Amino acid sequence: MGILAWILIGLFAGIIAKMLMPGKDPGGIIITILIGIAGGLLGGWLGKVIFGVDSIDGFFEISTWIAAIVGSLILLGVFRLISRARH
C-alpha cells in the first residue's frame, strides 16, 4: 500500500478509535491522524508477532482495518496516560 493509503486508513482508524474512546484529548486532527497511522503499523506488527498472520493485506481487507483500529486504540490509550501524567 502507498503512503496515501496509510494516511487515509490512519485518518479513519484514528477517528474510529476516538469515537470508541470518547473524552478530551490534547491535540487535534493531526495528532489523531498520526496516532491512526502509527496504530495501523503497530496493529499489523502485533498481528504478525502474536498471531503469526499477515494482518496488513490491502486497503479493502477487513484485517487491515481491524489491525489499524486496534493499534490506534492502544496508542490513544497510551497517549492519554502520558498526557495525564504530565499534568
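In this text the structure is predicted, and so the values were computed from the model without any measurement.
- Separation of atoms NZ (K18) and CG (L73) is listed at 12.0 Å; rounding is to 0.5 Å.
- The hydrophobic clustering, which links ILVMFWY residues whose side-chain heavy atoms are closer than 4.5 Å, places L34 and L81 apart.
- For the atom pair CD1 (I37) and CG (L8), the distance works out to 9.0 Å, reported to the nearest 0.5 Å.
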Inset, instruction - Assess whether side chain to side chain contact (heavy atoms under 4.5 Å, CB included) is satisfied between I69 and L20, documenting all intermediate values. - result: CA-CA 10 Å; I69 292 167; L20 292 173; 4.2 Å; yes
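- How far OG of S72 is from CH2 of W65: 10.0 Å, rounded to the nearest 0.5 Å.
- If you take CD1 on I9 and CD1 on I16, they are separated by 10.5 Å, rounding to the nearest 0.5 Å.
- Atoms CZ and CD1, on R80 and I35 in that order, are 9.0 Å from each other to the nearest 0.5 Å.
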